Amino acid sequence: RAFQRIVEARDVTPEDRVYTSWSRADEAGNPHNLRPVPTIGAVDVTAHELSRFLPGATLLAGHDPGRICDATILLKAYRFPNEREPVWFVVGEVTTERSTTEAHGRALIDFVKKRWGDHRSVLVHIDPHSNGAENDDDRPGKSVTTTLVSLGLTVRQAAYQVGSTAPGRIGREERVDMVNTLLCNAIGLRRLFVACDAHKQPAAPKLVEAFERLERDAAGKVDRGKKGVGDMTHWPAALGYALWKIEKPRLDVGMRRGG
C-alpha cells in the first residue's frame with residue numbers, strides 16, 4: 001500500500017486511517033464531504049451559533065500552535081430547510097511554518113480581511129494545552145493567546161474546567177470521534193464539509209490531506225509522539241478545537257435522546 005501511494009502516486013486509502021468517516025464523494029461522483037458552499041436554500045447561521053461566545057461573530061476559527069507549524073482552520077455554519085441541526089463548512093485554512101505566533105496571527109488577519117473584510121468578527125478557539133507552563137518544551141505557553149489577542153483577535157480556550165476559567169482537557173480520541181461523527185454519523189447524516197470550488201479544489205487542502213492520510217500507530221493510538229516536519233495532525237486538531245464547545249455538547253445530548 002505504501003509503494004502504491006508513494007511510488008505509483010495512487011490514491012490508496014490508508015489501511016488504519018484515523019478519520020474513517022471522511023469521503024470526498026460516492027462511487028457515482030456525488031459529493032459527500034467535499035462540496036461547494038451552498039448558495040440556494042441554506043441560511044448562514046454562524047452568528048447565531050457563536051452568539052453566546054462572541055456576539056456579532058460571523059466566522060469561527062480553530063488554532064493549533066506548534067513549535068514548527070501553526071495551523072488555523074476557518075468555518076461557517078449553515079442551516080437547510082427542515083433540518084434540525086446546522087451544518088459546518090470549512091471555508092479556509094492558514095498555515096505558517098518555522099515562524100512566530102505574531103507572524104501567524106498577522107497572516108490569519110490578512111487572509112480574513114481579503115476574504116471577509118473584518119477580522120474582529122472572528123472567534124478563535126485555541127488548543128487549551130497551549131496555556132501550559134512556559135518552560136514546558138512540549139507545549140507553547142500562555143504567550144500564544146496573549147500575542148493573538150494583542151493583534152486584535154478574540155481568543156477563547158477550546159475547553160474550560162467546569163466552573164472555572166482554567167483551560168480544560170480535550171482527549172485525543174474524544175476529539176477524533178466528534179469530528180468523525182460530524183463527517184458522517186451512524187445513520188449516514190453528514191454535518192461537516194470542506195468547501196471546494198467548481199474544479200473540486202478544497203478550501204483547506206492540508207486538512208483534506210490529513211483526513212485522507214493520517215493513520216493510527218502500531219498500538220492503535222492517534223497524535224502520539226513528538227511533532228516534527230511532515231506532521232499532519234495540526235489541521236484536524238485545529239478543526240476539533242474550533243467545534244468542541246459547540247458540537248460536543250450537542251452530540252452528547254443527541255446520544256442521550258437516542259438520535
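Note that the structure is predicted; figures quoted are calculated from it, not measured.
At distances below 3.5 Å, at least one donor-acceptor pair connects side-chain atoms of Asn33 with backbone N or O atoms of Ser23.
At least one side-chain heavy atom of Cys184 sits under 4.5 Å from a side-chain heavy atom of Arg190. Using a 4.5 Å heavy-atom threshold, the side chains of Thr95 and Asp70 count as separate.
Follow the hydrophobic side-chain contacts under 4.5 Å out from Val122 and you never reach Val45; the two are in separate clusters.
Salt bridge absent: Arg17 and Glu212 never bring a charged side-chain N and a carboxylate O closer than 4.0 Å. With respect to the salt-bridge test (charged N to carboxylate O, under 4.0 angstrom), the residues Lys248 and Asp252 qualify.
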Legend entry - CA sep, side-chain torsions, deciding dist, call: Glu83, Arg191, salt bridge (charged side-chain N to carboxylate O under 4.0 Å, His left out): CA-CA 11 Å; Glu83 293 292 337; Arg191 293 186 47 236; over 6 Å; no
Inset, instruction - Check the pair Arg216, Glu173 against salt bridge (charged side-chain N to carboxylate O under 4.0 Å, His left out), reporting the backbone distance first and the verdict last. - result: CA-CA 11 Å; Arg216 295 178 179 273; Glu173 290 291 350; 2.8 Å; yes
Inset, instruction - Kindly indicate, with the supporting measurements, whether the criterion salt bridge (charged side-chain N to carboxylate O under 4.0 Å, His left out) is fulfilled by Asp118 and Lys113. - result: CA-CA 5 Å; Asp118 187 3; Lys113 282 183 175 180; over 6 Å; no
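Ring centers of Phe53 and His125: under 6.0 Å apart, within the cut-off.
Within 6.0 Å of CZ on Arg115 lie more than 12 heavy atoms contributed by other residues, nucleotides or ligands.
A donor atom on one side chain and an acceptor atom on the other are not found under 3.5 Å apart for Thr101 and Thr147.
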